[in-house]
There are 2 protein chains.
Amino acid sequence: MEPVTPKTPNRRERVRNATVAEIKSVARDQLTGDGPGAISLRAIARDMGMSAPALYRYFPSLEALLVALVVDLYDELRGFMETACAELPEGDRIGRLLVAAKSFRAWAVAHRPEFTLMFASVDLHSEGSAHHDPTAEPHAAAARFSQVFGRIFHELYRQTDEERGFPLPTPAVPNMSPGLQAELVACAHTIGADVPVEFSYMFLTYWIRLYGVVAMEVHGQLPVIEHPDLLFNAMLAEMAAQLRVDITEWIGTT
Amino acid sequence: MEPVTPKTPNRRERVRNATVAEIKSVARDQLTGDGPGAISLRAIARDMGMSAPALYRYFPSLEALLVALVVDLYDELRGFMETACAELPEGDRIGRLLVAAKSFRAWAVAHRPEFTLMFASVDLHSEGSAHHDPTAEPHAAAARFSQVFGRIFHELYRQTDEERGFPLPTPAVPNMSPGLQAELVACAHTIGADVPVEFSYMFLTYWIRLYGVVAMEVHGQLPVIEHPDLLFNAMLAEMAAQLRVDITEWIGTT
DNA sequence: GTCGATAGTTAACGGTGTTCACGTTCATGA
DNA sequence: TCATGAACGTGAACACCGTTAACTATCGAC
């Protein structure tokens with residue numbers, strides 16, 4: 001069963017895809033140049049030598065264009081992190097985790113307008129139906145992205161379990177309610193991981209910490225901190241110490 | 001020396017202040033109704049029965065209005081947290097810390113558009129001069145807000161030091177670089193606290209964790225989690241356990 | 001009671017997203 | 001080969017937007 005969606009694209013479809021790509025590229029330039037709010041259909045059309053209504057042959061609205069952009073950005077960020085990790089030897093789980101975290105921050109601070117658009121401007125949960133639609137494209141892209149950390153975490157867990165014969169330490173979370181445990185199990189299922197709830201919890205909270213520092217740095221909420229990379233490295237070192245893994249070779253002094 | 005700025009407001013200044021308040025109030029309604037982005041000078045004027053250019057007698061631009069709104073929101077959020085804490089007995093530092101954290105989240109999830117505007121839409125560091133201008137009004141409001149946690153943390157530190165005779169435990173942050181230590185000292189100085197760098201570090205990272213969860217919840221980045229309050233409480237419990245304080249009376253099961 | 005600051009007006013400019021009605025191009029099936 | 005219909009692109013228009021300029025009315029103070 002060959003894939004139905006891409007098939008063999010007609011010549012017509014090829015030039016159409018090229019036009020779509022150019023639209024998103026020009027929009028990307030406006031985003032990086034003057035921030036999220038500066039993306040304008042008319043300006044895009046002007047830059048492309050077209051009239052504004054022509055763009056409606058490719059996107060039903062400006063909002064749809066922004067959503068498509070966000071999807072691309074998620075995949076770009078994911079690719080950036082995966083490429084950075086791919087340069088490491090296969091079995092270096094700890095290195096992969098650190099490189100993934102550091103490349104996440106590196107991409108974010110190097111692409112602040114994109115980061116703002118992805119994580120603040122566009123509401124992924126369209127606040128419409130009962131909850132979110134997991135089949136919707138932006139949600140799927142966000143899920144693909146978040147699974148990068150999830151997979152690395154899962155591999156780290158399995159490796160140490162096998163090689164050392166005992167699982168990684170997990171932080172003390174006393175008296176986890178059944179409700180929270182159920183949520184954590186569901187969270188692990190989304191990446192197909194069969195791990196203890198404590199491990200799920202650790203992954204989630206670590207990811208939250210990473211997101212927290214990076215978001216605050218990007219949004220200028222750390223005005224006192226002159227060198228956020230020092231703080232970031234220190235937090236990585238702290239988390240690694242909690243995991244009881246040695247990362248001095250990666251971080252050096254914190 | 002009586003305050004110079006408010007003085008005895010003329011009748012003229014009183015009605016002017018009332019108009020300014022009404023403008024911000026109408027803008028706030030638009031914000032809560034249709035999100036940031038939906039705040040429009042012309043719509044505000046329409047709602048007030050005025051013409052749009054008249055608003056320029058009160059704010060030099062829409063951006064300035066948004067900044068003023070953000071300042072008010074910072075103070076409102078700060079007041080909300082302080083009022084919640086004030087209902088506790090004077091010496092209950094741990095309770096204050098938990099109530100501050102919980103009221104922060106409560107305000108954020110009850111005022112998602114405001115939260116987005118404050119922490120994402122408006123750039124506090126206007127990316128202009130060498131760094132940020134600490135005298136600028138929005139930055140001052142943000143500082144006043146962040147000092148709520150800072151003061152509570154500081155008080156908790158001093159209390160336990162006196163009553164128990166030894167300081168609170170601090171997480172292991174091996175080999176802190178002199179650069180990071182200097183930043184943490186500066187961070188402590190902004191709240192006039194004389195605390196060890198480890199304590200400064202703990203405060204910063206705890207605040208980052210709180211911001212991280214709340215921002216992800218507000219921005220819909222936790223799609224798998226159905227009940228974020230459970231996760232939030234669990235993180236509070238974890239941080240309390242790190243502080244070696246007992247909060248079961250506050251949280252119950254996590 | 002005059003005078004100047006203050007607050008408000010209308011008109012206008014250039015910009016935006018979006019829709020509509022109209023042509024043009026082009027691959028395809030009879 | 002040619003007609004057909006879908007896909008693509010256009011200009012005009014509508015309803016907004018932020019902002020500026022020129023002008024008028026109001027009101028407090030000397």
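Residue numbering restarts at 1 for every chain, and letters A, B, ... go by the order of the sequence lines.
With salt bridges taken as basic N to acidic carboxylate O contacts below 4.0 Å, none links E82(B) and R144(B).
Put simply, the residue from L31(B), D72(B), L69(B), L77(B) that forms a side chain to side chain contact (heavy atoms under 4.5 Å, CB included) with E114(B) is L31(B).
For L55(A) and dT19(C), the CG to P distance is 13 Å, given to the nearest whole Å. Counting to the nearest Å, the C1' atom of dC16(D) and the CD atom of Q30(B) are 13 Å from each other. A straight line from CD1 of I23(B) to C1' of dG18(D) spans 15 Å, rounded to a whole angstrom. Atom P of nucleotide dT10(C) and atom CE of M50(B) are separated by 11 Å, given to the nearest angstrom. The nearest whole Å value for the distance from the CD1 atom in I39(B) to the P atom in dC17(D) is 13 Å. A straight line from OH of Y56(B) to C1' of dA12(C) spans 14 Å, rounded to a whole angstrom. When the P atom of dC16(D) is taken as reference, atom CD1 of I44(B) falls 16 Å away, rounded to whole Å. For the pair R57(B) CZ and dT20(D) C1', the interatomic distance rounds to 12 Å; values are reported in whole Å.
Among the nucleotides dG17(C), dT10(D), dT19(D), the one closest to the side chain of R42(A) is dG17(C). Nearest nucleotide to the side chain of A54(A), out of dT19(D), dT10(D), dT18(C): dT10(D).
Nearest heavy atom pair, residue H219(A) against residue F119(B), reads ND1-O, 3.2 Å.
Nearer to the 5' terminus of DNA chain C, by closest-nucleotide assignment, is the contact made by R46(A) (compared with the other of P53(A) and R46(A)).
Between S51(B) and dT9(C) there is a side-chain N or O to OP1 or OP2 distance below 4.0 Å.
Counting any heavy atom pair closer than 4.0 Å across all strands shown, T19(A) reaches no nucleic acid atom. Heavy atoms of S40(B) sit under 4.0 angstrom from primed sugar atoms or phosphate atoms, though from no base atom. Counting any heavy atom pair closer than 4.0 Å across all strands shown, L65(B) reaches no nucleic acid atom. Counting any heavy atom pair closer than 4.0 Å across all strands shown, Y58(B) reaches sugar-phosphate atoms only and no base atom.
For F149(B) and Y206(B), the distance between ring centers is not under 6.0 angstrom.
Taking the six-membered ring for Trp and thresholds of 30 and 60 degrees, H111(A) and W107(A) have nearly parallel ring planes, at less than 30 degrees apart.
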